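Below is one structure; the comments refer to it alone.
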Amino acid sequence: MLNKLGFIIIKILSYSPIFRITDDRLFGEVRKEFTDKENIRISLFSINIGDRIIHFFTYRFSDKKFKPFYILSLSKVHPFPNLKDINKSYDEYKDELSKISQEKYLTHKETLMYKISQIEAVKNKTFNKFLAYISIIAFILPLFSAQFTKLYSIEKSYQKIFVFYVIYLFINLICFIYKFIKVQGINRVTFRSIRRSPEPLMEFVLLLYYEWKTLTQESTFQVTIIKNIEKYMTAIIIWCIAFISIYNLDQYISENYHLNHKPMHVQNTNSNFIHLKDSNSLKEFLKDNNQQLDQIKEGLLENKYVKVVVLSDNQNNNYKKLLEFLHTYNINDIEIIEINDNTFSNFGIILLEEGE
């Protein structure tokens with residue numbers, strides 16, 4: 001067993017893709033009361049893709065073998081269907097029934113029917129959870145849809161990390177949702193076998209036993225998938241809350257910075273506001289704003305302006321190209337001030353002209 005500090009360190013590393021520490025028996029997780037040193041796997045790099053964990057340069061203490069590449073499948077941890085175990089258990093129970101009286105069959109029948117009803121209740125709860133998670137996903141996705149079309153324009157590192165990690169979480173989430181949908185029940189004993197049996201009551205009890213065993217496996221597998229769906233749903237929610245907090249803090253700092261660096265009022269000057277249209281390509285941008293850009297270029301070259309203020313949301317395709325244009329024709333070293341505001345659409349340029 002692991003001590004408290006050791007467990008905390010291993011628990012943190014179990015979520016890290018680099019130098020990851022996992023337990024194969026728990027499909028990559030670690031638990032203090034279950035995980036011990038012998039069953040720990042250490043990987044230089046590891047990533048989850050749906051119901052598989054891909055390990056690179058990995059070592060497991062119980063195997064005492066180093067592997068450059070290893071894939072752990074959920075089916076190895078929770079095999080479904082495991083017909084070999086079910087059939088073995090069925091044969092053993094059949095031998096047991098052959099040694100008891102028919103009066104006891106009724107007790108076995110009632111007990112098995114009760115067990116089956118309990119498992120069906122668990123399966124129904126699991127399915128209701130699944131539907132609830134689908135509804136939550138249907139609510140969350142539209143919140144990101146507007147941003148997906150602007151992925152190419154993201155510049156800040158923390159925003160890129162957020163987007164890539166959210167995409168990674170959604171890929172795993174969708175994989176487990178698909179896995180849940182594809183879960184199929186095991187073929188069970190048919191009614192024909194009861195009709196043709198010389199001991200129909202015994203055959204019916206055996207049918208119930210087989211049904212109980214198969215439903216137990218099916219329910220356990222579905223619960224395992226739901227637990228993984230819950231894990232990724234929780235990660236998405238936590239990650240979104242963290243991103244919103246960091247984003248708002250960044251915006252607050254940025255807004256305060258611009259408030260403290262507002263362009264100073266210049267006496268005896270006239271201001272001129274020019275609005276530029278953004279376009280999908282640089283060619284269209286230059287064509288749509290040809291007259292306005294010529295006016296700005298002429299003013300810069302002839303030193304008509306004392307200051308140029310550029311307003312933009314910093315998400316436009318041609319924002320950097322516009323700044324390059326201004327700096328290219330700014331041969332007189334006129335002050336160029338950039339003000340980014342997410343509420344502003346396209347570009348706006350305020351030109352402070354010299355007064356008489």
Side-chain angles (χ1 to χ4, degrees), residues 10-18 20-35 39 41 43 45-55 70-82 118-145 147-148 161-186 214-245:
I10 290 175
K11 188 70 174 178
I12 294 172
L13 289 174
S14 69
Y15 294 107
S16 171
I18 301 172
R20 189 177 184 186
I21 298 178
T22 57
D23 188 338
D24 288 357
R25 298 171 302 165
L26 300 173
F27 192 61
E29 294 184 16
V30 291
R31 294 178 192 165
K32 187 175 181 180
E33 68 280 2
F34 192 74
T35 302
N39 293 290
R41 176 182 295 281
S43 304
F45 180 78
S46 177
I47 187 171
N48 290 53
I49 303 295
D51 61 339
R52 288 174 173 80
I53 303 178
I54 304 174
H55 298 281
Y70 177 73
I71 297 178
L72 175 66
S73 174
L74 182 62
S75 60
K76 293 181 181 179
V77 181
H78 297 285
F80 175 80
N82 192 349
Q118 284 185 317
I119 295 173
E120 288 289 357
V122 172
K123 281 171 56 66
N124 290 334
K125 288 181 180 178
T126 303
F127 187 72
N128 289 335
K129 273 190 176 183
F130 175 73
L131 294 179
Y133 292 142
I134 292 293
S135 301
I136 294 172
I137 294 168
F139 172 76
I140 291 177
L141 280 177
L143 300 179
F144 295 98
S145 60
Q147 301 301 321
F148 287 153
I161 293 172
F162 167 77
V163 169
F164 287 129
Y165 190 66
V166 166
I167 291 173
Y168 163 75
L169 292 175
F170 268 113
I171 288 173
N172 281 280
L173 187 61
I174 291 169
C175 287
F176 276 108
I177 289 173
Y178 178 76
K179 190 75 175 178
F180 187 91
I181 295 172
K182 294 295 288 182
V183 172
Q184 296 180 349
I186 305 170
T214 55
L215 281 175
T216 300
Q217 276 200 9
E218 187 179 330
S219 177
T220 302
F221 192 68
Q222 286 183 334
V223 169
T224 301
I225 295 175
I226 283 293
K227 289 292 183 183
N228 280 278
I229 292 175
E230 286 178 352
K231 179 176 70 175
Y232 287 107
M233 288 289 296
T234 303
I236 289 172
I237 293 171
I238 293 174
W239 198 249
C240 288
I241 292 172
F243 172 74
I244 290 170
S245 302

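Keep in mind the model is a prediction, meaning the values are calculated, not measured.
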Task: Rounded distance (nearest 0.5 Å) linking atom NE2 of His55 with atom CZ of Phe45 - done: 11.5 Å
Task: Closest contact, heavy atoms only, Asp24 versus Tyr70 - done: OD2-CE2, 4.0 Å
Task: Gap separating the CD1 atom of Ile174 from the OH atom of Tyr232, nearest 0.5 angstrom - done: 12.5 Å
Task: Atom of Cys175, atom of Gly50 and distance for their closest heavy-atom approach - done: CB-CA, 3.5 Å
Open item on the list: Evaluate Trp239 against Ile161 for side chain to side chain contact (heavy atoms under 4.5 Å, CB included), listing each step before the verdict.
Closed with: CA-CA 11 Å; Trp239 198 249; Ile161 293 172; 4.2 Å; yes
TODO: Of all the heavy-atom pairs spanning Thr22 and Ser14, show the shortest one and how long it is.
DONE: CG2-O, 4.4 Å
Open item on the list: Does Phe34 form a side chain to side chain contact (heavy atoms under 4.5 Å, CB included) with Asn39? I'd like the steps, not just the answer.
Closed with: CA-CA 9 Å; Phe34 192 74; Asn39 293 290; over 6 Å; no
Open item on the list: As an exercise, state the distance from CZ of Phe176 to CG of Leu74, rounded to the nearest 0.5 Å.
Closed with: 6.0 Å
Task: Closest non-hydrogen atom pair, Ile136 against Met233 - done: CG2-CE, 3.2 Å
Task: Criterion side chain to side chain contact (heavy atoms under 4.5 Å, CB included) on Thr224 and Phe27, from CA distance to verdict - done: CA-CA 10 Å; Thr224 301; Phe27 192 61; over 6 Å; no
- [ ] Mark yes or no for whether Asn172, through its side chain, and Asn48, through its backbone, hold a donor-acceptor pair below 3.5 Å.
- [x] yes
TODO: Measure the spacing between OG1 of Thr126 and CD1 of Ile225 and express it to the nearest 0.5 Å.
DONE: 10.5 Å
Open item on the list: Please determine whether the number of non-hydrogen atoms from other residues, nucleotides or ligands lying under 6.0 Å from atom CZ of Phe127 exceeds 12.
Closed with: no
- [ ] Mind running side chain to side chain contact (heavy atoms under 4.5 Å, CB included) on Ile47 and Ile53 for me, showing each step along the way?
- [x] CA-CA 6 Å; Ile47 187 171; Ile53 303 178; over 6 Å; no
TODO: Give a yes or no on this: more than 12 heavy atoms of other residues, nucleotides or ligands lie within 6.0 Å of atom NZ of Lys76.
DONE: yes
Task: Counterpart residues, salt bridge (charged side-chain N to carboxylate O under 4.0 Å, His left out), relative to Arg25 (two or more places apart) - done: Asp23
Open item on the list: Are more than 12 heavy atoms, taken from residues, nucleotides or ligands other than Lys231, located less than 6.0 Å from that residue's NZ atom?
Closed with: yes
- [ ] Mark yes or no for whether Ser16, through its side chain, and Leu13, through its backbone, hold a donor-acceptor pair below 3.5 Å.
- [x] no
Open item on the list: Let me confirm one number: the CD1-OG distance from Ile54 to Ser43, rounded to the nearest 0.5 Å.
Closed with: 11.5 Å
Task: Nearest non-hydrogen partners of Lys179 and Phe221, listed with the distance - done: CE-CZ, 3.8 Å
Open item on the list: Tell me whether Gln222 contacts the main-chain N or O of Lys123 through its side chain, where contact means a donor paired with an acceptor under 3.5 Å.
Closed with: no
TODO: Can you measure from CG (Leu215) to CD (Gln118) and round to the nearest 0.5 angstrom?
DONE: 12.5 Å
Task: Which atom of Arg20 lies closest to which atom of Gly28, heavy atoms considered - done: NH2-O, 4.3 Å
